[in-house]
Amino acid sequence: MKLLYFASLREALGVAAEDLALPVGVATVGALRDHIIARGEPWAALARTKNLRCAINQVMVGVDATVSDGDEVAFFPPVTGG
Amino acid sequence: MKPLFTAMFSVSVQAADFDVGAETAMLTAGDAAAGAVVSFIGLVRADVPMGQKVGGSGTAGVTAMTLEHYPGMTEQALAEIVAQARNRWQLLGARVIHRVGRLLPGERIVLVAVASSHRHDAFAACEFIMDYLKTRAPFWKKEETAGGGRWVDARESDDNAAARWMMD
């Protein structure tokens, strides 16, 4: 799967995108987030991002949404456009 | 399936500025049923006291702003918001333009223009699109100030503004 990070989270990670094989036992985007955070710094920045949002294949979803290998999964802080 | 967008319903994400007069004229061109156009234009605010001139001496506020977005998702999210507005009100056209990149105080950021036969639908749909855009379209603002850069925090009032449409 492809992971994308935006805005302050991208800056904190120093990474905008990465490829990751769907980790064993990870079924939801919330579990994927926890898996990434468990890699330690700088990935714990996901845990420090208040009201972290996620999108699967460019549609905003809740933490219970199902992820599959091949998905594009994005993590970002709450949006501030307009 | 009918197409989501005709020429009268469109969204754009672009670095370039836009011409408000030309955009609103195009929205209703040749449509005799159009009786109302409501447009909202969002500007880069310097966050200085009211009445102070942009770029005036002693400005302690924002000197520039950079808009980041999620290419692909942004256009899709804006199109979905416009589609929801079309489901709720009788609209003849809608145009959403959101700029990205580095902008200076006073510059236009966003245009939402809605055409309808009567003003009520146009007013309501324009406000709905802006409220939803604020909380659902993947844009992020980073402000530049004399003290350095800072990401703009999301406002709870924006979430509340979007939520009130769900109670209708």
Side-chain angles (χ1 to χ4, degrees), chain A residues 1-20 22 28-30 32-33 36-37 41-82, chain B residues 11 13 40-45 62 65-81 96-101 103 108-112 126-143 148-159 161-162:
Chain A
M1 58 175 44
K2 187 173 191 187
L3 303 183
L4 301 174
Y5 308 103
F6 289 97
S8 55
L9 182 59
R10 171 182 55 76
E11 279 191 353
L13 297 175
V15 170
E18 62 170 318
D19 290 309
L20 183 78
L22 183 65
T28 65
V29 73
L32 177 63
R33 173 202 58 198
I36 296 167
I37 290 168
E41 293 298 340
W43 307 102
L46 271 77
R48 291 190 294 268
T49 300
K50 202 178 156 207
N51 298 318
L52 181 73
R53 301 285 200 258
C54 46
I56 299 178
N57 298 326
Q58 307 192 348
V59 175
M60 218 144 10
V61 296
V63 289
D64 294 333
T66 304
V67 286
S68 313
D69 218 1
D71 280 348
E72 178 176 296
V73 181
F75 292 98
F76 43 83
V79 302
T80 56
Chain B
V11 304
V13 178
F40 172 85
I41 298 135
L43 307 175
V44 178
R45 187 180 54 235
V62 174
M65 185 175 270
T66 299
L67 270 294
E68 177 174 329
H69 76 121
Y70 181 173
M73 178 173 167
T74 318
E75 293 82 353
Q76 211 169 294
L78 293 175
E80 170 60 25
I81 292 165
V96 178
I97 304 175
H98 203 299
R99 294 178 69 190
V100 291
L103 301 171
R108 287 178 277 268
I109 302 178
V110 61
L111 168 72
V112 175
C126 186
E127 194 169 22
F128 169 89
I129 291 170
M130 255 328 281
D131 284 347
Y132 267 40
L133 183 157
K134 280 269 184 188
T135 55
R136 300 187 179 195
F139 293 99
W140 299 272
K141 290 184 182 128
K142 188 175 189 180
E143 296 174 339
R150 64 178 182 221
W151 290 95
V152 172
D153 281 328
R155 292 169 190 241
E156 200 184 330
S157 58
D158 287 335
D159 283 332

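Note that these values count all heavy atoms, side chains included, but never hydrogens, waters or copies made by symmetry.
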- Message: Students often mix this up, so state it plainly: with edges at 30° and 60°, are the rings of A:Phe76 and B:Tyr70 parallel, tilted or perpendicular?
- Response: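 A:Phe76 and B:Tyr70: perpendicular rings.
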Rounded to the nearest 0.5 Å, how far does [atom2] of [Y] lie from [atom1] of [X]?
X: B:Lys142; Y: A:Thr80; atom1: NZ; atom2: OG1; answer: 12.0 Å
X: B:Thr135; Y: A:Met60; atom1: OG1; atom2: CE; answer: 7.5 Å
X: B:Glu80; Y: A:Gln58; atom1: CD; atom2: CD; answer: 13.5 Å

- Report yes or no: does B:Trp140 contribute a side-chain atom to a donor-acceptor pair with the main-chain N or O of A:Ser8 at less than 3.5 Å?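 Judged by distance alone, no pair lies under 3.5 Å.
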- Among A:Lys50, A:Glu72, A:Glu11, which has the most heavy-atom pairs under 4.5 Å with chain B?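 With the most close heavy-atom pairs to chain B, the winner is A:Glu11.
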- Query: A:Ala55, A:Pro78, A:Ala7: which one forms the most heavy-atom pairs within less than 4.5 Å of chain B?
  - Reply: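 Result: the option with the highest number of such pairs is A:Ala7.
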- Task: Decide yes or no for B:Glu68 and A:Arg10: does some side-chain heavy atom of the first lie under 4.5 Å from some side-chain heavy atom of the second?
- Result: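 Answer yes - side chains close enough.
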- Message: More than 12 heavy atoms of other residues, nucleotides or ligands under 6.0 Å from CD of A:Glu41: yes or no?
- Response: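 For A:Glu41, atom CD is crowded (more than 12 foreign heavy atoms under 6.0 Å).
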- Query: For B:Asp158, is it the side chain, the backbone, both or neither that has a heavy atom under 4.5 Å from a heavy atom of chain A?
  - Reply: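 The answer is neither part of B:Asp158.
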- Message: Is B:Ala77 in contact with chain A via its backbone, its side chain, both, or neither, using a 4.5 Å heavy-atom distance?
- Response: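 The answer is neither part of B:Ala77.
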- Task: Would you mind checking which part of A:Asn51 comes under 4.5 Å of any heavy atom in chain B, side chain (CB onward), backbone (N, CA, C, O), both or neither?
- Result: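 Contact with chain B: none, neither part.
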